[in-house]
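Order of the sequence lines fixes the chain letters, A, B, ..., with proteins taken first and strands second; residue numbering starts at 1 for each chain. Since this is a predicted model, take the numbers as computed values, not measurements.
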Amino acid sequence: MLKNVQHFHPKEIFECGQCFRWTPLNEEKTKYLGVVHGCVLEVHLQGEDVYLHGVSKALFQAYFLKYFDLDRSYQQVKEVLQRDPLLKKSIAHGEGIRILQQDPFETLITFILSSNNLIPKIKEGIKRISSIYGEEMLFQGEIFYAFPTPEALAKATEEELRAMGLGYRAKYIAKTATLLKEARRFTKEKKLRPLTKEEEAKCAYDLAWIQELPEEECLKALMKFPGVGIKVADCVMLFSMGKTGAFPVDVWVKKAMVYFYGAEPKSLPKMRSFAKEQFGSLAGFAQQYLFYYAREEKIKLP
DNA sequence: CGCCAGGCGGCTA
DNA sequence: TAGCCGCATGGC
(Lines give C-alpha, C1' and ligand atoms only; values in the text may rest on other atoms or scores of the structure.)
Protein backbone atom coordinates (compact mmCIF):
# COMPACT_ATOMS: atom_id res chain seq x y z
CA MET A 1 0.00 0.00 0.00
CA LEU A 2 1.20 3.49 -0.82
CA LYS A 3 -0.19 5.87 1.77
CA ASN A 4 -1.46 9.31 0.97
CA VAL A 5 -0.32 9.37 -2.64
CA GLN A 6 -0.82 12.64 -4.46
CA HIS A 7 -1.02 13.16 -8.20
CA PHE A 8 -1.93 9.55 -8.89
CA HIS A 9 -5.16 8.50 -10.59
CA PRO A 10 -5.29 5.15 -12.39
CA LYS A 11 -7.75 6.32 -15.04
CA GLU A 12 -5.63 9.32 -15.94
CA ILE A 13 -2.34 7.44 -15.86
CA PHE A 14 -3.54 4.54 -17.96
CA GLU A 15 -5.83 6.42 -20.37
CA CYS A 16 -3.51 9.26 -21.31
CA GLY A 17 -2.13 7.36 -24.27
CA GLN A 18 1.23 6.18 -23.01
CA CYS A 19 0.48 2.51 -22.38
CA PHE A 20 -1.66 -0.23 -23.89
CA ARG A 21 -1.60 -3.14 -21.44
CA TRP A 22 -3.77 -1.86 -18.61
CA THR A 23 -7.50 -2.62 -18.43
CA PRO A 24 -10.07 -1.14 -16.05
CA LEU A 25 -11.67 -3.52 -13.54
CA ASN A 26 -14.42 -1.26 -12.22
CA GLU A 27 -16.86 1.35 -13.49
CA GLU A 28 -15.21 4.26 -11.65
CA LYS A 29 -11.87 3.31 -13.21
CA THR A 30 -10.03 3.43 -9.91
CA LYS A 31 -8.90 -0.19 -10.31
CA TYR A 32 -6.82 -1.55 -13.20
CA LEU A 33 -5.08 -4.78 -14.15
CA GLY A 34 -1.79 -4.57 -15.98
CA VAL A 35 0.82 -6.78 -17.62
CA VAL A 36 4.21 -5.20 -17.00
CA HIS A 37 7.81 -6.40 -16.73
CA GLY A 38 6.87 -10.07 -16.80
CA CYS A 39 4.29 -9.55 -14.03
CA VAL A 40 0.56 -9.25 -13.73
CA LEU A 41 -0.58 -6.73 -11.15
CA GLU A 42 -3.53 -4.70 -9.97
CA VAL A 43 -3.55 -1.05 -9.00
CA HIS A 44 -6.40 0.21 -6.85
CA LEU A 45 -6.95 3.76 -5.67
CA GLN A 46 -8.99 3.92 -2.46
CA GLY A 47 -9.34 7.38 -1.04
CA GLU A 48 -5.85 8.79 -0.72
CA ASP A 49 -4.16 5.40 -0.78
CA VAL A 50 -3.00 3.24 -3.66
CA TYR A 51 -2.93 -0.53 -3.33
CA LEU A 52 -0.73 -2.73 -5.48
CA HIS A 53 -1.53 -6.45 -5.72
CA GLY A 54 0.75 -9.03 -7.26
CA VAL A 55 4.06 -7.31 -6.55
CA SER A 56 6.45 -8.07 -3.67
CA LYS A 57 8.02 -5.24 -1.70
CA ALA A 58 11.41 -6.10 -3.15
CA LEU A 59 10.09 -5.95 -6.72
CA PHE A 60 8.30 -2.72 -5.95
CA GLN A 61 11.54 -1.15 -4.74
CA ALA A 62 13.59 -2.60 -7.57
CA TYR A 63 11.24 -1.83 -10.47
CA PHE A 64 7.78 -0.34 -9.88
CA LEU A 65 8.90 2.66 -7.87
CA LYS A 66 10.61 3.91 -10.98
CA TYR A 67 7.93 2.57 -13.33
CA PHE A 68 5.32 4.75 -11.62
CA ASP A 69 7.75 7.67 -11.45
CA LEU A 70 7.22 7.92 -7.70
CA ASP A 71 10.45 9.77 -6.98
CA ARG A 72 9.28 12.82 -8.91
CA SER A 73 7.48 15.80 -7.40
CA TYR A 74 4.49 16.33 -9.65
CA GLN A 75 3.59 19.26 -7.43
CA GLN A 76 6.72 20.95 -8.66
CA VAL A 77 6.13 19.97 -12.30
CA LYS A 78 2.65 21.48 -12.16
CA GLU A 79 3.77 24.64 -10.41
CA VAL A 80 6.25 25.37 -13.16
CA LEU A 81 3.93 24.45 -16.03
CA GLN A 82 1.06 26.46 -14.57
CA ARG A 83 3.02 29.64 -15.13
CA ASP A 84 1.61 29.19 -18.61
CA PRO A 85 -2.02 30.21 -18.10
CA LEU A 86 -3.08 28.32 -21.24
CA LEU A 87 -2.01 25.02 -19.66
CA LYS A 88 -3.96 25.40 -16.41
CA LYS A 89 -7.16 23.92 -17.74
CA SER A 90 -5.45 20.82 -19.09
CA ILE A 91 -3.49 20.27 -15.88
CA ALA A 92 -6.63 20.64 -13.76
CA HIS A 93 -8.33 18.09 -16.00
CA GLY A 94 -5.55 15.53 -15.57
CA GLU A 95 -4.43 16.08 -11.96
CA GLY A 96 -3.56 12.41 -11.52
CA ILE A 97 -1.45 11.92 -14.64
CA ARG A 98 2.02 10.45 -14.26
CA ILE A 99 4.50 9.48 -16.95
CA LEU A 100 5.37 5.80 -16.66
CA GLN A 101 8.90 4.59 -17.22
CA GLN A 102 8.19 1.59 -19.42
CA ASP A 103 10.38 -0.98 -21.10
CA PRO A 104 12.13 0.56 -24.14
CA PHE A 105 11.76 -2.49 -26.40
CA GLU A 106 8.06 -2.93 -25.68
CA THR A 107 7.49 0.80 -26.11
CA LEU A 108 9.37 0.87 -29.41
CA ILE A 109 7.40 -2.03 -30.91
CA THR A 110 4.13 -0.68 -29.52
CA PHE A 111 4.56 2.75 -31.05
CA ILE A 112 5.72 1.37 -34.40
CA LEU A 113 2.40 -0.45 -34.33
CA SER A 114 0.59 2.75 -33.37
CA SER A 115 1.32 4.64 -36.57
CA ASN A 116 -1.80 5.44 -38.56
CA ASN A 117 -3.67 2.96 -36.35
CA LEU A 118 -6.49 2.96 -33.80
CA ILE A 119 -5.95 2.57 -30.04
CA PRO A 120 -8.17 -0.55 -29.68
CA LYS A 121 -6.35 -2.15 -32.60
CA ILE A 122 -2.94 -1.32 -31.11
CA LYS A 123 -3.99 -2.99 -27.84
CA GLU A 124 -5.25 -6.05 -29.70
CA GLY A 125 -2.05 -6.29 -31.75
CA ILE A 126 0.18 -6.14 -28.66
CA LYS A 127 -1.96 -8.78 -26.98
CA ARG A 128 -1.66 -11.08 -30.00
CA ILE A 129 2.10 -10.60 -30.29
CA SER A 130 2.49 -11.40 -26.58
CA SER A 131 0.24 -14.46 -26.69
CA ILE A 132 2.33 -16.05 -29.48
CA TYR A 133 5.88 -14.96 -28.62
CA GLY A 134 5.69 -14.03 -24.93
CA GLU A 135 6.02 -16.07 -21.74
CA GLU A 136 2.90 -17.48 -20.17
CA MET A 137 1.96 -16.28 -16.68
CA LEU A 138 -0.70 -17.37 -14.26
CA PHE A 139 -2.54 -14.77 -12.18
CA GLN A 140 -5.56 -15.65 -10.03
CA GLY A 141 -6.19 -18.74 -12.12
CA GLU A 142 -6.08 -16.89 -15.42
CA ILE A 143 -3.45 -17.02 -18.14
CA PHE A 144 -1.65 -13.86 -19.28
CA TYR A 145 1.28 -13.32 -21.61
CA ALA A 146 4.31 -11.12 -21.01
CA PHE A 147 5.59 -8.96 -23.83
CA PRO A 148 8.29 -10.97 -25.65
CA THR A 149 12.03 -10.35 -25.52
CA PRO A 150 13.77 -9.16 -28.71
CA GLU A 151 15.18 -12.67 -29.13
CA ALA A 152 11.72 -14.26 -28.95
CA LEU A 153 10.08 -11.72 -31.24
CA ALA A 154 12.93 -11.92 -33.75
CA LYS A 155 11.75 -15.46 -34.48
CA ALA A 156 8.60 -14.02 -36.03
CA THR A 157 8.53 -13.63 -39.80
CA GLU A 158 6.92 -10.69 -41.52
CA GLU A 159 4.24 -13.03 -42.90
CA GLU A 160 3.38 -14.38 -39.46
CA LEU A 161 3.02 -10.88 -38.07
CA ARG A 162 0.98 -9.77 -41.06
CA ALA A 163 -1.37 -12.69 -40.47
CA MET A 164 -1.92 -11.28 -36.97
CA GLY A 165 -3.50 -8.20 -38.50
CA LEU A 166 -0.60 -5.81 -38.03
CA GLY A 167 -0.77 -4.64 -41.64
CA TYR A 168 2.19 -2.99 -43.33
CA ARG A 169 3.81 -2.43 -39.93
CA ALA A 170 4.60 -6.16 -39.77
CA LYS A 171 7.75 -5.66 -41.82
CA TYR A 172 8.99 -2.85 -39.55
CA ILE A 173 8.37 -4.88 -36.40
CA ALA A 174 10.09 -8.01 -37.69
CA LYS A 175 13.10 -6.01 -38.84
CA THR A 176 13.33 -3.99 -35.62
CA ALA A 177 13.20 -7.10 -33.44
CA THR A 178 16.02 -8.64 -35.48
CA LEU A 179 18.13 -5.47 -35.26
CA LEU A 180 17.71 -5.50 -31.49
CA LYS A 181 18.49 -9.16 -31.11
CA GLU A 182 21.75 -8.64 -33.00
CA ALA A 183 22.59 -5.44 -31.14
CA ARG A 184 22.23 -7.21 -27.82
CA ARG A 185 24.23 -10.19 -29.01
CA PHE A 186 27.19 -8.15 -30.19
CA THR A 187 27.07 -5.81 -27.22
CA LYS A 188 27.56 -8.86 -25.01
CA GLU A 189 30.27 -10.39 -27.21
CA LYS A 190 32.12 -7.11 -27.23
CA LYS A 191 33.18 -7.79 -23.65
CA LEU A 192 34.76 -11.08 -24.67
CA ARG A 193 36.46 -10.34 -27.99
CA PRO A 194 37.13 -7.50 -30.43
CA LEU A 195 34.32 -6.99 -32.96
CA THR A 196 34.51 -6.54 -36.72
CA LYS A 197 33.37 -3.20 -38.13
CA GLU A 198 30.06 -4.70 -39.23
CA GLU A 199 29.43 -6.16 -35.79
CA GLU A 200 30.41 -2.89 -34.13
CA ALA A 201 27.91 -1.01 -36.30
CA LYS A 202 25.10 -3.29 -35.16
CA CYS A 203 25.74 -2.34 -31.53
CA ALA A 204 24.47 1.15 -32.34
CA TYR A 205 20.92 -0.28 -32.26
CA ASP A 206 21.22 -1.38 -28.63
CA LEU A 207 18.46 0.41 -26.73
CA ALA A 208 20.32 0.42 -23.41
CA TRP A 209 23.08 2.35 -25.17
CA ILE A 210 20.71 4.63 -27.10
CA GLN A 211 18.93 5.50 -23.86
CA GLU A 212 22.09 7.04 -22.42
CA LEU A 213 22.55 9.44 -25.35
CA PRO A 214 21.57 13.10 -25.00
CA GLU A 215 18.13 13.90 -26.36
CA GLU A 216 18.97 14.97 -29.91
CA GLU A 217 21.31 12.05 -30.57
CA CYS A 218 18.89 9.68 -28.90
CA LEU A 219 16.17 10.86 -31.31
CA LYS A 220 18.37 10.34 -34.35
CA ALA A 221 19.44 6.88 -33.19
CA LEU A 222 15.83 5.79 -32.68
CA MET A 223 14.82 7.09 -36.10
CA LYS A 224 17.19 4.59 -37.71
CA PHE A 225 14.77 1.80 -36.90
CA PRO A 226 12.34 1.08 -39.74
CA GLY A 227 8.87 2.49 -39.08
CA VAL A 228 10.21 5.03 -36.61
CA GLY A 229 9.81 8.70 -37.50
CA ILE A 230 9.94 11.71 -35.25
CA LYS A 231 6.61 11.08 -33.53
CA VAL A 232 7.34 7.46 -32.62
CA ALA A 233 10.89 8.33 -31.53
CA ASP A 234 9.54 11.09 -29.27
CA CYS A 235 7.10 8.63 -27.70
CA VAL A 236 9.82 6.06 -27.02
CA MET A 237 12.06 8.71 -25.47
CA LEU A 238 9.31 10.10 -23.26
CA PHE A 239 7.55 6.90 -22.21
CA SER A 240 10.54 4.63 -21.71
CA MET A 241 13.81 6.58 -21.62
CA GLY A 242 13.15 9.36 -19.17
CA LYS A 243 13.62 12.10 -21.77
CA THR A 244 11.04 14.47 -20.35
CA GLY A 245 11.84 17.19 -22.87
CA ALA A 246 10.35 15.11 -25.71
CA PHE A 247 7.09 16.40 -27.17
CA PRO A 248 5.31 13.90 -29.44
CA VAL A 249 2.86 15.66 -31.74
CA ASP A 250 -0.05 13.45 -32.78
CA VAL A 251 -3.52 14.37 -34.01
CA TRP A 252 -4.80 15.09 -30.48
CA VAL A 253 -1.87 17.22 -29.37
CA LYS A 254 -2.13 19.00 -32.69
CA LYS A 255 -5.76 19.81 -31.95
CA ALA A 256 -4.86 21.03 -28.47
CA MET A 257 -2.07 23.24 -29.82
CA VAL A 258 -4.40 24.82 -32.37
CA TYR A 259 -7.20 25.16 -29.80
CA PHE A 260 -5.14 26.63 -26.94
CA TYR A 261 -2.21 28.28 -28.67
CA GLY A 262 -3.61 29.19 -32.08
CA ALA A 263 -0.98 27.08 -33.82
CA GLU A 264 -1.01 26.71 -37.58
CA PRO A 265 -2.90 23.41 -38.11
CA LYS A 266 -0.64 21.96 -40.78
CA SER A 267 2.81 22.60 -39.33
CA LEU A 268 3.57 19.77 -36.91
CA PRO A 269 7.33 20.44 -36.73
CA LYS A 270 6.65 24.06 -35.74
CA MET A 271 4.30 22.97 -32.94
CA ARG A 272 6.96 20.61 -31.70
CA SER A 273 9.73 23.19 -31.65
CA PHE A 274 7.44 25.83 -30.13
CA ALA A 275 6.46 23.49 -27.31
CA LYS A 276 10.02 22.41 -26.63
CA GLU A 277 11.01 26.07 -26.43
CA GLN A 278 8.05 26.98 -24.25
CA PHE A 279 8.15 24.06 -21.80
CA GLY A 280 11.79 22.99 -21.93
CA SER A 281 12.62 19.83 -19.98
CA LEU A 282 8.98 19.61 -18.86
CA ALA A 283 7.58 19.49 -22.42
CA GLY A 284 6.69 15.81 -22.09
CA PHE A 285 4.43 16.47 -19.10
CA ALA A 286 2.74 19.34 -20.93
CA GLN A 287 2.17 16.97 -23.85
CA GLN A 288 0.44 14.43 -21.62
CA TYR A 289 -1.88 17.00 -20.04
CA LEU A 290 -2.75 18.38 -23.48
CA PHE A 291 -3.28 14.95 -25.03
CA TYR A 292 -5.55 13.82 -22.22
CA TYR A 293 -7.61 17.00 -22.30
CA ALA A 294 -8.00 16.97 -26.07
CA ARG A 295 -9.02 13.32 -26.20
CA GLU A 296 -11.30 13.30 -23.18
CA GLU A 297 -13.04 16.49 -24.26
CA LYS A 298 -12.98 15.42 -27.91
CA ILE A 299 -11.81 18.82 -29.05
CA LYS A 300 -13.03 19.69 -32.50
CA LEU A 301 -11.51 22.37 -34.66
CA PRO A 302 -13.67 24.79 -36.66
C1' DC B 1 -19.23 2.91 -50.33
C1' DG B 2 -15.68 6.54 -48.54
C1' DC B 3 -13.36 8.11 -44.64
C1' DC B 4 -10.20 7.84 -41.01
C1' DA B 5 -6.92 6.22 -37.25
C1' DG B 6 -1.38 8.57 -31.64
C1' DG B 7 2.67 8.19 -39.25
C1' DC B 8 6.19 6.61 -42.05
C1' DG B 9 8.94 5.81 -46.31
C1' DG B 10 9.70 7.19 -50.72
C1' DC B 11 9.41 10.23 -54.43
C1' DT B 12 9.40 14.89 -56.50
C1' DA B 13 10.58 19.83 -57.17
C1' DT C 1 13.54 20.79 -46.90
C1' DA C 2 8.76 20.82 -47.92
C1' DG C 3 4.86 18.68 -49.90
C1' DC C 4 2.37 14.90 -51.57
C1' DC C 5 1.06 9.88 -51.99
C1' DG C 6 0.50 4.92 -50.97
C1' DC C 7 0.13 1.86 -47.46
C1' DA C 8 -2.91 -2.78 -44.36
C1' DT C 9 -6.63 -3.10 -41.65
C1' DG C 10 -11.20 -2.65 -39.71
C1' DG C 11 -15.03 0.26 -37.73
C1' DC C 12 -18.29 3.66 -38.74
Side-chain angles (χ1 to χ4, degrees), chain A residues 11-22 90 94 97 99-100 102 104 106-129 156-177 179 205 216 219-241 243 246-260 263-276 283-301:
Chain A
K11 174 175 189 272
E12 294 168 11
I13 294 170
F14 302 132
E15 308 286 345
C16 69
Q18 57 182 326
C19 55
F20 298 87
R21 298 213 76 189
W22 286 90
S90 297
I97 287 176
I99 295 184
L100 301 171
Q102 304 179 70
E106 176 171 348
T107 308
L108 178 59
I109 298 297
T110 298
F111 280 92
I112 289 174
L113 185 53
S114 81
S115 87
N116 198 26
N117 208 344
L118 294 144
I119 290 176
K121 276 186 69 183
I122 301 165
K123 287 183 180 169
E124 187 56 37
I126 296 300
K127 209 190 252 182
R128 283 183 196 167
I129 288 172
T157 64
E158 180 191 335
E159 291 69 30
E160 285 170 341
L161 294 173
R162 205 172 266 269
M164 296 168 71
L166 309 188
Y168 59 89
R169 308 160 195 91
K171 185 195 288 185
Y172 303 147
I173 291 172
K175 179 80 174 128
T176 295
L179 283 168
Y205 288 98
E216 276 311 302
L219 183 81
K220 283 179 190 164
L222 286 170
M223 286 174 67
K224 286 184 178 151
F225 289 100
V228 178
I230 196 160
K231 155 65 170 63
V232 171
D234 272 338
C235 285
V236 174
M237 288 202 298
L238 181 59
F239 302 141
S240 74
M241 294 182 166
K243 311 289 187 195
F247 192 87
V249 181
D250 59 64
V251 288
W252 292 107
V253 173
K254 184 188 111 176
K255 284 177 192 176
M257 291 301 284
V258 175
Y259 181 79
F260 286 115
E264 196 60 43
K266 51 185 177 180
S267 186
L268 273 60
K270 276 186 187 166
M271 285 181 208
R272 181 177 181 274
S273 53
F274 167 79
K276 285 172 78 71
F285 299 98
Q287 192 270 1
Q288 286 305 91
Y289 294 122
L290 291 168
F291 176 93
Y292 187 71
Y293 184 90
R295 210 163 86 88
E296 288 287 305
E297 296 298 311
K298 298 184 168 51
I299 287 184
K300 287 197 179 99
L301 302 178

Review point. Taking only residues two or more places apart in sequence, or in another chain, which ones meet A/Glu297 in a salt bridge (charged side-chain N to carboxylate O under 4.0 Å, His left out)?
Key: none

Just to be sure I understand the rule, does [X] reach a base, reach only the sugar-phosphate, or reach nothing, if contact means heavy atoms closer than 4.0 Å?
X        : answer
A/Val232 : sugar-phosphate
A/Glu124 : nothing
A/Tyr172 : sugar-phosphate
A/Pro226 : sugar-phosphate
A/Val228 : sugar-phosphate
A/Ile230 : sugar-phosphate
A/Arg295 : nothing

Using modelled atom types only, decide if a donor and an acceptor are shared between the side chain of [X] and the backbone of [Y] within a distance under 3.5 Å.
X        : Y        : value
A/Arg128 : A/Met164 : yes
A/Gln18  : A/Ile13  : yes
A/Gln102 : A/Ser240 : no

Point to revise | Candidate pair A/Tyr293 and A/Phe260, rule ring-ring contact (aromatic ring centres under 6.0 Å, His included), full reasoning | key: CA-CA 11 Å; A/Tyr293 184 90; A/Phe260 286 115; 5.3 Å; yes

Check your understanding: When only distance counts, do a donor and an acceptor, one from the side chain of A/Tyr168 and one from the base of B/dG7, lie under 3.5 Å apart?
Key -> yes

Practice item. Could you work out the separation of C/dA8 and B/dC11 based on their P atoms and round it to a whole Å? Key: 15 Å

Exercise for review: Take A/Phe111 and A/Phe20, measure what ring-ring contact (aromatic ring centres under 6.0 Å, His included) needs, and give me the verdict at the end.
Suggested key: CA-CA 10 Å; A/Phe111 280 92; A/Phe20 298 87; 5.5 Å; yes

Review point. Hey, which of these two, A/Phe225 or A/Pro248, hits DNA chain B nearer its 5' end, going by closest nucleotide?
Key: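 Per heavy-atom nearest nucleotide, the more 5' residue is A/Pro248.
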
Below 3.5 Å between N/O atoms, which protein atoms pair up with nucleotides 10-13 of chain B? Just atom names and distances, please.
none

**Study point:** Lys/Arg-Asp/Glu bridge criterion (N-O < 4.0 Å) met for A/Lys220, A/Glu216
**Key:**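 A salt bridge is absent here (no side-chain N lies under 4.0 Å from a carboxylate O).
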
Point to revise | Check ion pair A/Arg272-A/Asp234 (N to O, under 4.0 angstrom) | key: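 So A/Arg272 pairs with A/Asp234 through a salt bridge.
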
**Study point:** Covered region of DNA chain C, 5' end to 3' end, by chain A [heavy atoms, under 4.0 Å]
**Key:**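 Listing 5' to 3', DNA chain C meets chain A from C/dC7 to C/dG10.
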
Exercise for review: Just name whichever nucleotide pairs with B/dC1, Watson-Crick or G-U, keeping both distances under 3.5 Å, else none.
Suggested key: none

Check your understanding: If you round to the nearest 0.5 Å, how far is OH of A/Tyr292 from SG of A/Cys16?
Key -> 8.0 Å

